[in-house]
Undergrad: 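Starting off with a structure, shown below.
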Amino acid sequence: MLKGKHIILGITGSIAAYKSAVLCRLLVSAGAEVKVVMTPLAKQFITPLTMATLSKNPILVDFFNPENGEWNSHVSLGEWADCYLIAPATANTMAKMASGVADNLLLTTYLSARCKVAIAPAMDLDMYRHASTQRNMTQLRADGVHIIEPQSGELASGLVGKGRMAEPQDIVREVEAMFDEKKKSLQGKHFLVTAGATIEPIDPVRFISNHSSGKMGYAVAEALAQRGAKVSLVSGRTALGVPVGVERIDVLSAEQMYEACCRLWAEVDGAIMCAAVADYTPAVVADQKIKKGEDDMSIALKRTHDIAATLGENKGSRLLVGFAMETENEMANAESKLQRKNMDFIVLNSLRQEGAGFRGDTNVVSLIDSESRVDLPLMSKREVADRIVDKMESVLVEKN
Ligand code: CTP
């Protein structure tokens with residue numbers, strides 16, 4: 001798979017850089033041509049001589065060779081590569097990548113790279129789970145960077161947790177998969193994903209909405225697109241960027257989301273309903289800003305369409321997956337929604353669980369179908385998305 005492929009191996013200043021030697025060797029043995037770019041700090045962790053010998057190419061650290069002034073062009077390096085693999089990637093480098101900082105050759109090469117980019121993060125567990133690192137990872141994924149998840153285990157600090165760089169052979173496997181079009185298991189399929197919060201106007205300045213950030217739905221859209229599916233993401237209000245390969249249809253109200261979903265339903269192979277849709281909307285939207293008076297006021301609300309239930313009524317052979325966000329009687333409520341809306345399975349999200357819910361980057365969910373319930377541990381929303389898509393794939397196999 002990697003024979004003849006041009007791979008830039010970027011190494012940053014982490015203790016895990018010692019594994020980059022084995023990684024480089026494995027890539028070369030698999031037939032790849034490897035050029036190594038190191039940050040200045042990375043040289044403290046592994047010697048350029050080691051990496052130059054293993055890659056059979058001189059190491060690139062500076063913008064020019066201080067001996068003879070020869071220019072190390074990040075642009076031509078970026079054009080040369082079929083894949084840019086940064087392993088290990090420190091929290092610092094990830095933060096710079098996420099915000100476009102380009103203060104060393106490794107980063108300028110990233111900004112110039114037109115090829116596939118993969119990073120293997122390595123850091124201490126607290127740095128890894130810190131909100132800013134998770135936010136940067138979300139941004140990098142949205143920018144099309146493939147993240148090779150770190151593993152849990154003993155870390156260089158002596159602490160035990162998630163943050164250890166993936167093993168070199170696993171990294172090579174993931175890089176091979178990036179080149180393997182056959183791994184695009186959902187190629188030819190088209191899915192509708194709803195995400196985010198709807199907005200129900202009261203008057204020209206006020207509205208009713210909810211806390212949904214859209215992160216879970218966007219992660220599902222990204223996971224589907226990465227497996228080769230065509231994805232139409234009907235999105236309520238969020239602050240998120242559109243994942244690579246996803247078509248986004250922006251809507252505001254539950255009614256607009258309903259109309260967009262009904263239009264798309266005829267074209268798709270299935271839908272994953274992640275949006276937090278308002279169940280009620282003001283019966284009348286005032287033309288002008290409502291002025292306050294002396295008395296209390298109340299707003300008459302009318303029911304919105306239940307989008308998932310509407311799609312479920314006319315499901316045919318399509319796949320329908322929903323979410324149930326509950327604060328009490330979780331299981332009973334989720335099972336009732338599963339049946340009522342004619343879904344293939346439902347993802348139960350309990351707001352009572354720590355690490356689950358609206359704004360964070362992690363979630364704790366259970367996947368429930370008519371016969372079974374699988375409780376997943378706390379994981380990133382992107383990992384949850386992959387597990388949901390895995391289950392979708394097995395349901396699709398059963399349906400065929
Ligand atoms: N849903 C929808 N249209 C609505 C309401 C919900 O498509 N008008 C979808 C959600 O996207 C989710 C599932 O239905 O996949 C369950 O949503 P949830 O808000 O948990 O349940 P509701 O059906 O609204 O019931 P309740 O508010 O009573 O919990």
Side-chain angles (χ1 to χ4, degrees), residues 191-201 207-221 223-224 231-238 248-249 251-265 268 270-283 301-315 318-353 356-358 363-370 373 381 384-385 387-389 391-392 395:
F191 293 102
L192 158 67
V193 180
T194 66
T198 58
I199 291 198
E200 307 303 322
F207 57 79
I208 300 171
S209 190
N210 60 68
H211 290 300
S212 171
S213 63
K215 284 180 181 171
M216 194 61 245
Y218 274 55
V220 169
L224 287 166
V231 183
S232 299
L233 174 63
V234 176
S235 174
R237 190 190 52 163
T238 81
R248 185 169 76 181
I249 298 113
V251 294
L252 286 174
S253 64
E255 184 63 21
Q256 288 173 359
M257 187 171 274
Y258 169 76
E259 282 167 13
C261 290
C262 291
R263 250 194 332 271
L264 281 159
W265 192 227
V268 296
I272 307 90
M273 315 301 287
C274 312
V277 188
D279 293 320
Y280 295 90
T281 191
L301 300 173
K302 62 177 184 189
R303 279 293 309 269
T304 57
H305 293 284
D306 188 319
I307 308 168
T310 308
L311 304 186
E313 276 166 23
N314 169 29
K315 193 165 85 162
R318 279 166 289 216
L319 184 72
L320 186 61
V321 180
F323 273 75
M325 180 159 274
E326 306 296 342
T327 55
E328 59 179 355
N329 303 326
E330 288 97 345
M331 198 53 197
N333 285 333
E335 277 176 343
S336 137
K337 285 175 194 175
L338 176 74
Q339 278 183 10
R340 210 163 8 101
K341 308 196 189 200
N342 194 18
M343 292 165 169
D344 291 281
F345 68 94
I346 193 158
V347 184
L348 169 62
N349 218 181
S350 168
L351 280 188
R352 288 198 295 190
Q353 297 264 15
F358 284 121
N363 214 348
V364 186
V365 305
S366 305
L367 307 184
I368 300 162
D369 61 24
S370 55
R373 165 186 177 152
K381 285 189 173 167
V384 171
R387 302 293 287 268
I388 292 170
V389 176
K391 184 156 174 81
M392 285 170 63
V395 176

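Remember, it's 1-based here, ligands and their atoms both numbered in the order they're listed. Everything quoted here is computed from the prediction, not taken from an experiment. Index from 1, following the sequence.
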Undergrad: Decide yes or no on side-chain hydrogen bond (donor to acceptor under 3.5 Å, both in side chains) for Tyr258 and Ser253, but give the supporting numbers first.
TA: CA-CA 9 Å; Tyr258 169 76; Ser253 64; over 6 Å; no

Undergrad: Give a yes or no on whether a salt bridge exists between Glu326 and Lys337, defined as a side-chain N under 4.0 angstrom from a carboxylate O.
TA: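 Between Lys337 and Glu326 there is a salt bridge, with a charged N closer than 4.0 Å to a carboxylate O.
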
Undergrad: Evaluate salt bridge (Lys or Arg N to Asp or Glu O under 4.0 Å) for Asp344 paired with Lys391, printing each intermediate quantity in order.
TA: CA-CA 10 Å; Asp344 291 281; Lys391 184 156 174 81; over 6 Å; no

Undergrad: Considering only NZ, NE, NH1 and NH2 on the basic side and carboxylate oxygens on the acidic side, decide whether Asp279 and Arg303 come within less than 4.0 Å.
TA: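 Here Asp279 does not pair with Arg303 in a salt bridge, since their nearest N and O are not under 4.0 Å apart.
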
Undergrad: By side-chain contact (heavy atoms from CB on, under 4.5 Å), which residues pair with Ser232, not counting sequence neighbours?
TA: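 With sequence neighbours excluded, Ser232 shows a side-chain contact (heavy atoms from CB on, under 4.5 Å) to His190, Glu247, Ile249, Leu264, given in chain and number order.
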
Undergrad: Trp265 and side-chain contact (heavy atoms from CB on, under 4.5 Å): which single residue from Thr310, Ile307, Leu320 fits?
TA: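 Output: one option passes, namely Leu320.
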
Undergrad: Identify all pairs of nitrogen or oxygen atoms, one from ligand 1 and one from the protein, separated by less than 3.5 Å, and list them with distances.
TA:
from	atom 1	to	atom 2	distance (Å)
ligand 1	3 (N)	Ile307	N	3.0
ligand 1	7 (O)	Ala308	N	2.9
ligand 1	8 (N)	His305	O	2.9
ligand 1	11 (O)	Met273	O	3.3
ligand 1	11 (O)	Ala275	O	2.8
ligand 1	14 (O)	Lys341	NZ	2.9
ligand 1	15 (O)	Met273	O	2.7
ligand 1	15 (O)	Phe323	N	2.9
ligand 1	15 (O)	Phe323	O	3.3
ligand 1	20 (O)	Met325	N	3.4
ligand 1	20 (O)	Lys337	NZ	2.8
ligand 1	21 (O)	Lys337	NZ	2.9
ligand 1	23 (O)	Lys341	NZ	2.5
ligand 1	24 (O)	Asp279	OD1	3.0
ligand 1	24 (O)	Asp279	OD2	3.0
ligand 1	27 (O)	Asp279	OD2	2.9
ligand 1	29 (O)	Lys337	NZ	2.8

